[in-house]
Amino acid sequence: MASPRGILLVALIAAFAVIHFVQADHFHDQEGFISLDCGLSPSETSPYTEPQTGLRFSSDSNFIQSGKIGRIQKSLEEEYLTQHITLRYFPDGIRNCYNLTVKKGTNYLIRARNVYGNYDGLSSYPKFDLYLGPNFWVTINMAKYAGNGTWEEIFHTPRSNSLDLCLVKTGTSTPFISAIELRPLPNNSYITTSGSLKTFNRFYFSTSKEDHQRYPNDVYDRMWKPYFASWWKQISTSFTVNTSDSFLLPQFTVTTAATPANTSAPLNHAIYLEFPTCKVFMYLHLSEVQALRANESREFDILLSGESVYDFYSPKYLQSNTVGNPSPIICEDGICNLELSKSSKSTHPPLLNALEIFTVAELPQSETDENDVVAIKKIKATYGLSRISWQGDPCVPRAFLWDGLYCSDSNTSIPPRITSLNLSSSGLTGTIAPGIQNLTHLEKLDLSNNNLTGAIPEFLAHMKSLLLINLSKNNMNGSIPQALRDREKDGLRIFVGEDEMNQCSSGSCGTKKKFPTMIIAVAASALVVIAVILVLIFVFRKKKEPSHVEATPSSKIVSRAIVTPTSISPISIETKNRKFTYLEVMEMTNNFQRALGEGGFGIVYHGYLNGSEQVAIKVLSESSSQGYKHFKAEVELLLRVHHVNLVSLVGYCDERDHLALIYEYMSNGDLKYHLSGKHSGSVLSWSTRLRVAVDAALGLEYLHIGCRPSMVHRDVKSTNILLDERFMAKIADFGLSRSCQLESHVSTVVAGTPGYLDPEYYRTGRLAEMSDVYSFGIVLLEMITNQSVIDQNREKSHITEWVAFALNRGDITKIMDPDLYGDYNSRSVWRALELAMLCACPSSEKRPSMSQVVSELKECLISENTVRRKNQDTDSQSSFELSMSFDTKAVPSAR
Ligand SMILES: *[C@@H]1O[C@H](CO)[C@@H](O)[C@H](O)[C@H]1NC(C)=O
Ligand SMILES: *[C@@H]1O[C@H](CO)[C@@H](O)[C@H](O)[C@H]1NC(C)=O
Ligand SMILES: *[C@@H]1O[C@H](CO)[C@@H](O)[C@H](O)[C@H]1NC(C)=O
Ligand SMILES: *[C@@H]1O[C@H](CO)[C@@H](O)[C@H](O)[C@H]1NC(C)=O
Ligand SMILES: *[C@@H]1O[C@H](CO)[C@@H](O)[C@H](O)[C@H]1NC(C)=O
Ligand SMILES: *[C@@H]1O[C@H](CO)[C@@H](O)[C@H](O)[C@H]1NC(C)=O
Ligand SMILES: *[C@@H]1O[C@H](CO)[C@@H](O)[C@H](O)[C@H]1NC(C)=O
Ligand SMILES: *[C@@H]1O[C@H](CO)[C@@H](O)[C@H](O)[C@H]1NC(C)=O
Ligand SMILES: *[C@@H]1O[C@H](CO)[C@@H](O)[C@H](O)[C@H]1NC(C)=O
């Protein structure tokens with residue numbers, strides 16, 4: 001389909017073209033126009049006035065931070081007669097974005113121009129994509145527009161006051177751009193019911209030999225081409241047509257018109273679309289140019305692909321009017337037939353002055369919440385971060401998520417929110433940026449391993465969504481504000497790290513003698529206060545969770561509140577990814593003295609690294625043929641991913657016959673063991689179980705959406721959820737984990753553990769994250785009921801059947817783990833039970849995503865703890881700030 005669309009004939013050919021004298025229209029003096037000549041040197045030539053149009057172009061340098069400047073081949077400059085001989089190209093990063101300031105809610109004509117001109121000397125036409133904010137706009141394939149280049153145009157209404165125009169690398173070629181033009185349109189023209197309008201073509205029907213016309217003749221800078229078919233007859237007027245409606249059409253488009261040469265035939269025009277499935281909008285511009293006598297008339301029906309758009313239309317003399325199809329249509333085989341047929345009483349044939357054809361571009365993805373965008377950009381500026389991925393929309397599309405962020409983005413019609421910010425090891429200096437408090441949906445904040453100074457700000461305590469704060473390995477001073485400590489009782493975890501503590505103690509009492517005595521006194525008294533608080537917390541916890549912590553030496557008490565998570569502890573960082581010899585493994589385990597248990601593909605031994613750090617070492621049995629594959633899968637995964645809720649790899653041994661994986665030691669064993677009551681006879685409390693569930697869910701959520709490509713664990717079960725000395729849960733055993741993307745085909749080998757295995761995955765072999773959700777639902781049911789997953793002696797052998805059966809009888813006490821002795825809040829239990837059954841739904845479509853699971857579990861935990869605290873408050877008369885809102889969702893009734 002050789003569509004004439006898009007052929008760029010940028011400059012008017014002075015020699016042939018009628019010279020248009022620039023007459024600036026005072027009412028529309030380029031107000032709101034953005035005209036960027038990309039790659040133009042900001043100092044020498046910018047801004048300049050383009051002589052033919054009078055448009056003022058300026059350099060793009062203030063609107064983008066990345067990219068390099070190029071210039072089309074000298075010999076082509078004259079041949080192309082293009083105005084845009086410079087350009088900006090983007091060899092680095094996948095997505096590079098222009099940041100344009102616009103007026104929210106105003107409809108804009110947005111035009112991108114690309115003139116390749118062999119600027120890179122490669123004589124190879126680039127192909128890449130353009131995005132508007134988070135949404136795909138168009139693919140630019142220069143091979144289709146060899147020579148002078150192309151322009152793409154869209155009518156789009158930005159949803160915020162800034163608009164990102166992004167160039168996205170899709171293959172090996174380098175994206176580039178020559179010019180960007182934005183023109184605000186009046187808000188009551190070009191109205192559509194859905195989507196934005198991509199310009200397909202814009203004609204005025206005239207026998208004129210002009211190239212094309214634009215600004216200043218068209219105040220909105222629409223570009224018009226003349227078109228005329230040989231079987232038409234031109235009619236025209238020398239009078240002025242009243243065009244002062246919202247389309248503000250230029251005179252030349254409506255003073256001439258086409259009519260069929262055969263006055264009894266209809267006026268036909270066929271449009272051949274590039275993509276047959278496109279939805280189409282047409283705007284017909286009509287004005288009578290002949291003075292009809294009283295006994296004469298011109299009346300016709302307008303049909304588009306056989307559908308009536310307007311019946312008995314009669315154009316008004318010297319008065320322009322615009323008619324279009326009210327809802328988008330899809331043309332059969334991509335051929336849109338426009339037909340204007342004379343009505344029976346009409347004495348004159350139909351006419352048409354001008355025509356615009358658009359295809360609909362659905363831009364469904366909402367941009368990230370504007371406040372979050374402003375806040376994160378402010379944080380970026382505060383710390384002077386210049387990461388190549390930190391351009392364009394922070395959250396979406398997910399493929400271009402900014403490094404270090406996670407967002408909630410499950411529903412495209414709801415603006416995503418930033419839920420996690422990881423700026424660890426980013427060389428940050430100064431204090432904790434106050435802008436962080438404006439990320440109101442933030443759940444995780446990791447600022448560890450930077451050079452941050454100053455006090456821990458109290459505003460963190462008021463960020464209601466926060467669940468984890470990691471400030472370890474910085475140079476912060478002062479203690480954790482009380483308000484923040486209070487939040488720990490809601491499940492908030494704060495990691496400040498040993499560094500500061502050490503510095504404080506050794507700095508004040510030891511090496512750094514320069515400290516004024518007053519600071520020492522303050523620090524010392526602060527330490528006393530902290531110690532008292534810690535003791536209180538300890539006593540408080542002891543009362544609440546009797547005896548599940550083994551006799552703890554007092555040094556452990558200190559590390560309880562000022563902990564460093566194992567995955568970022570100094571030891572594991574130093575030794576991370578270390579390769580060990582088999583000899584070393586033997587030494588570590590003291591010749592495999594103490595077995596901790598038997599895992600999927602080998603025995604797990606206890607060991608010491610450097611004689612002090614406890615580790616768990618899985619030695620793969622030599623007989624296991626599958627072993628090496630799983631070993632490699634696990635090493636590769638764990639070297640790539642790091643998350644506090646995933647067991648971290650300290651090292652590995654890969655000798656010919658000896659394979660071993662060395663993990664951080666999880667002193668409290670696995671969840672199954674705790675549920676079985678074998679652990680010194682004590683039982684995990686309901687709120688601890690919920691916390692364990694949140695931790696494990698966070699680990700899985702990270703695998704699913706935090707990793708790129710996303711991973712599926714494939715063997716989620718209660719024995720693969722391990723607990724550290726503080727009962728923080730971590731997911732283990734990644735031997736079966738797979739990347740969904742790499743395994744997008746249907747796999748013939750279905751792996752997993754019976755009882756936990758997703759029946760749909762079992763049936764179809766199609767691997768997806770939802771299979772982990774199913775298994776997680778089973779684990780949740782285990783935590784709630786403490787029943788075996790499969791028990792042949794039970795009336796209903798599978799746990800889901802058993803729970804469904806018990807639920808039908810509406811007996812919650814029979815469902816709950818009897819070892820809890822009713823010590824739980826039934827509201828949170830019901831919610832957890834509902835969630836577990838939803839996760840274990842046989843149809844994967846009905847299951848929630850891990851992110852939804854996480855947020856629901858958190859609410860369960862908050863609701864459980866709130867009730868608990870309320871009860872304690874009335875007991876102790878102490879006043880805690882109630883910072884969490886209580887969920888008012890009704891208690892689900894038994895079904
Ligand atoms: C985007 O442009 C606006 C206005 O020009 C500016 O305030 C903002 O800082 C820019 N953002 C970035 C990331 O450059
Ligand atoms: C580029 O455009 C100019 C002016 O319209 C034309 O003379 C020239 O032939 C075009 N060049 C190519 C390679 O298409
Ligand atoms: C339409 O635009 C005018 C100015 O151009 C503005 O005052 C008005 O509020 C806009 N109307 C809507 C509905 O946006
Ligand atoms: C031009 O048309 C507009 C409506 O589109 C009308 O309000 C105005 O009065 C007309 N002007 C003249 C001079 O007829
Ligand atoms: C003119 O159009 C009518 C109706 O389509 C047709 O019947 C007739 O043959 C045409 N005349 C000529 C000369 O083509
Ligand atoms: C209209 O009336 C004029 C005379 O006033 C006559 O010459 C002409 O033929 C008529 N036109 C039609 C189509 O009847
Ligand atoms: C997304 O949210 C909208 C509005 O809240 C809702 O109507 C729609 O059903 C949701 N879609 C999905 C897939 O959840
Ligand atoms: C947070 O946002 C509000 C309004 O959105 C703004 O007034 C305030 O300055 C912001 N605070 C910080 C610290 O950026
Ligand atoms: C902190 O700053 C010092 C020098 O000011 C530098 O040597 C050190 O690497 C920095 N640490 C981090 C974690 O950036």
Side-chain angles (χ1 to χ4, degrees), residues 27 104 134 159-162 186 188-189 194 219 237 239-251 253-255 283-289 291 314-324 353-354 362-385 394-398 407-418 421 423 430-442 445 447 454-466 705 769-770 773 838 841 843-853 855-856:
F27 293 102
K104 182 179 182 166
R159 283 172 270 213
S160 77
N161 286 326
S162 77
N188 42 357
S189 63
S194 70
V219 290
T237 179
F239 294 110
T240 301
V241 176
N242 179 357
T243 59
S244 58
D245 62 359
S246 53
F247 287 88
L248 280 181
L249 294 165
Q251 280 298 314
T253 61
V254 284
T255 49
Y283 288 86
L284 287 74
H285 303 294
L286 299 148
S287 164
E288 180 59 79
V289 291
S314 193
K316 289 205 190 75
Y317 184 52
L318 301 183
Q319 172 82 44
S320 76
N321 186 29
T322 298
V323 172
N353 309 70
E362 302 285 359
L363 307 181
Q365 176 63 58
S366 302
E367 283 144 42
T368 300
D369 179 86
E370 202 173 351
N371 293 325
D372 279 8
V373 173
V374 169
I376 194 74
K377 283 186 174 171
K378 209 162 176 179
I379 293 163
K380 180 185 172 191
T382 305
Y383 290 126
L385 293 166
C395 295
V396 277
R398 202 181 273 185
C407 307
S408 60
D409 63 349
S410 45
N411 187 333
T412 53
S413 56
I414 296 172
R417 303 296 305 239
I418 296 172
L421 173 60
L423 289 176
T431 57
I432 293 184
I436 287 172
Q437 64 191 299
N438 274 4
L439 295 174
T440 51
H441 283 55
L442 202 64
L445 175 63
L447 299 175
I456 298 172
E458 186 154 338
F459 67 69
L460 293 174
H462 307 307
M463 296 177 66
K464 305 264 188 285
S465 303
L466 268 183
I705 68 171
E769 289 93 337
M770 281 304 164
V773 175
L838 208 56
C841 190
S843 154
S844 64
E845 275 169 32
K846 299 205 178 103
R847 294 175 206 154
S849 71
M850 250 5 257
S851 308
Q852 288 166 316
V853 172
S855 72
E856 181 68 14

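Indexing begins at 1, ligand by ligand and atom by atom, following the structure's order.
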What atoms in ligand 4 come closer than 4.0 Å to a heavy atom of Ser244?
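Within the 4.0 Å cut-off of Ser244, ligand 4 contributes 1 (C), 2 (O), 3 (C).
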Could you please spell out the steps behind the side-chain contact (heavy atoms from CB on, under 4.5 Å) verdict for Gln251 and Val241?
CA-CA 7 Å; Gln251 280 298 314; Val241 176; 3.9 Å; yes
If you take all heavy atoms of Thr412 and Gln365, which pair is closest and at what distance?
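Nearest pair, atom of Thr412 first, then Gln365: CG2-OE1, 3.3 Å.
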Closest approach of Met463 and Leu439, non-hydrogen atoms and distance?
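Taking Met463 first and Leu439 second, the nearest heavy atoms are CE-O, 3.5 Å.
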I need the nearest protein heavy-atom contact for [atom]: residue, atom name and distance, please.
atom: atom 4 (C) of ligand 4; answer: Gln319 NE2, 3.9 Å
atom: atom 8 (C) of ligand 8; answer: Asn438 ND2, 3.8 Å
atom: atom 6 (C) of ligand 7; answer: Asn411 ND2, 4.2 Å
atom: atom 5 (O) of ligand 7; answer: Ile414 CD1, 4.1 Å
atom: atom 2 (O) of ligand 4; answer: Asn242 ND2, 2.5 Å

With a 4.0 Å cut-off on N to O distance, would you call Glu370 and Arg159 a salt bridge?
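So Glu370 does not pair with Arg159 through a salt bridge.
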Quick check for you: to the nearest 0.5 Å, what is the distance between [X] atom [atom1] and [Y] atom [atom2]?
X: Cys395; Y: Ile376; atom1: SG; atom2: CD1; result: 8.5 Å
X: Leu838; Y: Glu856; atom1: CG; atom2: CD; result: 9.0 Å
X: Lys377; Y: Asp372; atom1: NZ; atom2: CG; result: 12.5 Å

Give the numbers and elements of all ligand 8 atoms closer than 4.0 Å to a heavy atom of Pro434.
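Every atom of ligand 8 under 4.0 Å from some heavy atom of Pro434: 13 (C).
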Any atoms of ligand 8 less than 4.0 Å from a non-hydrogen atom of Gly435? List them with their elements.
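Per the distance check, 13 (C), 14 (O).
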Indicate whether the side chain of Ser465 and that of His441 have a donor and an acceptor atom separated by less than 3.5 Å.
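No, because no side-chain N or O of Ser465 sits under 3.5 Å from a partner of the opposite role on His441.
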Test your reading of the structure: does Lys378 have an N or O sitting under 3.5 Å from an N or O of ligand 8?
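Yes.
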Protein non-hydrogen atom below 4.0 angstrom of atom 14 (O) of ligand 4 present:
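True for atom 14 (O) of ligand 4.
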Any non-hydrogen protein atom less than 4.0 Å away from atom 11 (N) of ligand 7
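It does; a protein heavy atom is within 4.0 Å.
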Can you sort out which atoms of ligand 7 are near Ser413, meaning under 4.0 Å from one of its heavy atoms?
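What qualifies from ligand 7 is 1 (C), 2 (O), 3 (C).
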